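First up is the structure itself, then whatever we jot down about it.
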Amino acid sequence: YDSIDVLINNAGLNTSGKSEKGLDLCYQSNFLGHFLLTEQLMDHLLANGGGRVINLSSVMHHYADGKELPPHQPHTYEYWKQVAQYNEERTSSAYTPSKLAALFFTLELNKRYGEK
């Protein structure tokens, strides 16, 4: 196909595990997969006047306050890097920060492509 009208990102997990690349499976499924798929399809979404991207999430992003990981600053590169990496000693799930990442991604997509 030359163009895509709608992309719905809905896959997700609410459990943890380690991927082959050492990433947290929850974060990889709930955010990274959506991010990569959307970026791979962006040219097709923008063709013929632009398509729509729908990222499904949950209210759990409200609980991603950054306290579960040092340095307690959820808007830093180091925070997101630590969230993405699997850590069996982590006491909380990567689920809530993965939902926050999806929300930030949606806002950034709108900022970059909302008028196109």
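This one's a predicted model, so the numbers in the text were calculated from it and none came from an experiment.
The shortest side-chain heavy-atom distance between Asn55 and Leu109 falls under the 4.5 Å cut-off. Val83 places none of its side-chain heavy atoms less than 4.5 Å from the side chain of Asp24. Contact check for Lys99 versus Asn30: side-chain heavy atoms found under the 4.5 Å cut-off. Between Arg52 and Asp5 there is no side-chain heavy-atom pair separated by less than 4.5 Å. With contacts defined as side-chain heavy-atom distances shorter than 4.5 Å, the pair Phe104/Glu108 does not qualify. Side-chain contact check for Leu32 versus Tyr27: some heavy-atom pair is nearer than 4.5 Å. Counting heavy atoms from C-beta outward, Ile54 and Leu7 have side chains that stay 4.5 Å or more apart. Taking 4.5 Å as the limit, some side-chain heavy atom of Tyr86 sits within range of a side-chain heavy atom of Ser16.
Closest heavy-atom contact between Ala101 and Trp80: CB-CZ3, 3.7 Å. Between Cys26 and Thr15, the shortest heavy-atom contact is CB-O, 3.1 Å. Of all the heavy atoms in His34 and Phe105, the pair that sits closest is O-CE2, 4.2 Å.
Note that CG of Leu103 and OG of Ser98 are 11.5 Å apart. Values are rounded to the nearest 0.5 Å. Between Gln85 atom CD and Lys21 atom NZ the span is 11.5 Å, to the nearest 0.5 Å. Rounding to the nearest 0.5 angstrom, the gap separating the CD atom in Gln28 from the NZ atom in Lys18 is 12.5 Å. Taken from OG in Ser29 to CG in Leu23, the straight-line distance is 12.0 Å, to the nearest 0.5 Å.
Between the Thr106 side chain and the Ala102 main chain, a donor and an acceptor come within less than 3.5 Å of each other. With hydrogens and angles disregarded, no donor-acceptor distance shorter than 3.5 Å links the side chain of His44 to the backbone of Ile4.
Note: the hydrophobic cluster containing Leu37 does not contain Leu25 (ILVMFWY, side chain heavy atoms under 4.5 Å, direct or indirect links). Linking ILVMFWY side-chain heavy atoms closer than 4.5 Å, directly or via other members, places Leu41 and Val53 in a single hydrophobic cluster. One hydrophobic cluster, built from ILVMFWY side chains closer than 4.5 Å, holds both Leu36 and Leu45.
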Apply side chain to side chain contact (heavy atoms under 4.5 Å, CB included) to the pair Asn9 and Phe31, showing each step before the final yes or no. CA-CA 9 Å; Asn9 291 315; Phe31 170 64; over 6 Å; no
